[in-house]
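First the structure, in the form of structure tokens, and then the observations on it.
These numbers come from the heavy atoms of this one structure, side chains and all, not from hydrogens, waters or symmetry mates.
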Amino acid sequence: MILEAQQSFDLPYPGSPDQALAFLRDPVRALAHVHFLRGLHTAPDGVRGELLVALPLLGDADLPFCSALHHTPDGAALIPEALTGERAWVEVAGQAHAESGPDRTLLRYHFQFRAHLDLPPSEGWGGGAFEKMAQAAARRTLERVARELPAGIAAGIAAGS
């Protein structure tokens, strides 16, 4: 099963344009206060970590991800890498850039999440109904994670991390 969610948002940045750019290009720092991420770190192949989600009917899931980090002239981009061999994983893609105006700097984000989940095979009407319920619950959970992302990044900005 593949589920998708996305989130776009803007956040004011209190520092200089150079500080905003450094913040955007350091995903571990920018995402340090996002409570549903665990083990976030940079590696030679990019940014790695786990997206923690509670999936009703399926239990808690730790969805690993790996995304290449590319610097852009005004920010950064995360390009998802496939994690073959995993039963459940998530693609995390994103673009972030800073826009500086005369009185403030604005951080513009757009994230896309694409979860890959292997469900047990469903048989008959009961199995099909279970699969539909699990898909709906997982979709709602992934959408909630996307909605909570701005608050976590805003907390990182406020903490000056």
Side-chain angles (χ1 to χ4, degrees), residues 1-55 60-118 135 137-161:
M1 165 179 25
I2 296 178
L3 303 169
E4 298 181 75
Q6 58 183 325
Q7 178 68 294
S8 296
F9 55 95
D10 299 337
L11 295 170
Y13 191 83
S16 72
D18 287 340
Q19 291 170 324
L21 190 59
F23 184 81
L24 290 176
R25 290 180 174 173
D26 186 352
V28 172
R29 185 173 140 211
L31 300 171
H33 295 274
V34 177
H35 73 276
F36 53 80
L37 293 176
R38 178 171 63 190
L40 191 64
H41 65 281
T42 55
D45 57 348
V47 180
R48 290 186 165 269
E50 293 178 342
L51 184 71
L52 305 175
V53 294
L55 301 173
D60 293 338
D62 299 351
L63 304 178
F65 68 89
C66 180
S67 299
L69 176 64
H70 295 280
H71 291 183
T72 63
D74 61 351
L78 290 174
I79 310 299
E81 303 282 334
L83 294 178
T84 57
E86 295 283 344
R87 288 193 50 140
W89 58 283
V90 65
E91 295 177 39
V92 178
Q95 303 80 38
H97 66 273
E99 289 184 5
S100 297
D103 57 342
R104 70 177 184 165
T105 299
L106 192 63
L107 305 181
R108 295 190 173 267
Y109 288 93
H110 181 70
F111 284 95
Q112 304 91 34
F113 302 96
R114 187 171 191 204
H116 300 256
L117 305 170
D118 281 343
Q135 285 177 348
R139 182 172 287 110
R140 283 191 306 273
T141 298
L142 193 58
E143 290 170 353
R144 179 186 51 77
V145 163
R147 283 192 313 271
E148 292 175 2
L149 189 57
I153 294 176
I157 291 170
S161 51

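For residues 7-19, the pairs satisfying salt bridge (charged side-chain N to carboxylate O under 4.0 Å, His left out) are D10-R108, with sequence neighbours left out. Within the structure, salt bridge (charged side-chain N to carboxylate O under 4.0 Å, His left out) contacts touching residues 64-82 (residues at least two apart or in different chains) do not occur.
Every residue two or more places apart in sequence or in another chain that forms a side chain to side chain contact (heavy atoms under 4.5 Å, CB included) with H41 is listed here: A43, R48. Not counting sequence neighbours, the partners of S8 by the side chain to side chain contact (heavy atoms under 4.5 Å, CB included) test are H110. Residues satisfying the ring-ring contact (aromatic ring centres under 6.0 Å, His included) test with F111, not counting sequence neighbours, are Y109. Partners of E148 according to the salt bridge (Lys or Arg N to Asp or Glu O under 4.0 Å) rule, which considers only residues two or more places apart in sequence or in another chain, are R144. A154 meets the side chain to side chain contact (heavy atoms under 4.5 Å, CB included) test with L11; sequence neighbours excluded. Remark: P14 engages I157 in a side chain to side chain contact (heavy atoms under 4.5 Å, CB included) (not counting sequence neighbours). For R147, there are no side-chain hydrogen bond (donor to acceptor under 3.5 Å, both in side chains) partners, not counting sequence neighbours.
One finds the NE2 atom of H70 at 13.0 Å from the CZ atom of R25 (value rounded to the nearest 0.5 Å). A distance of 9.0 Å separates CZ of F65 from CD of E50, quoted to the nearest 0.5 Å. Going from atom CG of D62 over to atom CG of L37 covers 11.5 Å, rounded to the nearest 0.5 Å. Interatomic distance, S100 OG to L107 CG, rounded to the nearest 0.5 Å: 9.0 Å. Rounded to the nearest 0.5 angstrom, R38 CZ and L63 CG are separated by 10.5 Å.
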What donor-acceptor contacts under 3.5 angstrom involve side-chain atoms of residues 89-97, with partners at least two apart or in another chain?
from : atom 1 : to   : atom 2 : distance (Å)
E91  : OE2    : H116 : NE2    : 2.7
Q95  : OE1    : Q112 : NE2    : 3.2
H97  : NE2    : E99  : OE2    : 3.3

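Across P12 and L106, no two heavy atoms sit closer than the pair N-CD1, 3.9 Å. Of all non-hydrogen atoms in H33 and G152, the two that sit nearest each other are CB-O, 3.5 Å. Across all non-hydrogen atoms, the minimal contact from P27 to V47 is CG-CG2, 3.5 Å. Smallest separation of non-hydrogen atoms from A98 and A20: CB-CB, 4.3 Å.
Two residues are said to be in side-chain contact when any heavy atoms from C-beta on lie closer than 4.5 Å; F23 and T105 fail this criterion. L24 is not listed as a side-chain neighbour of Y13, based on a closest heavy-atom distance of 4.5 Å or more. Taking 4.5 Å as the limit, every side-chain heavy atom of P80 sits out of range of all side-chain heavy atoms of R114.
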**Message:** Set out, in order, the CA-CA distance, both residues' side-chain angles and the distance that settles side chain to side chain contact (heavy atoms under 4.5 Å, CB included) for L149 and F36, then state yes or no.
**Reply:** CA-CA 9 Å; L149 189 57; F36 53 80; 4.0 Å; yes

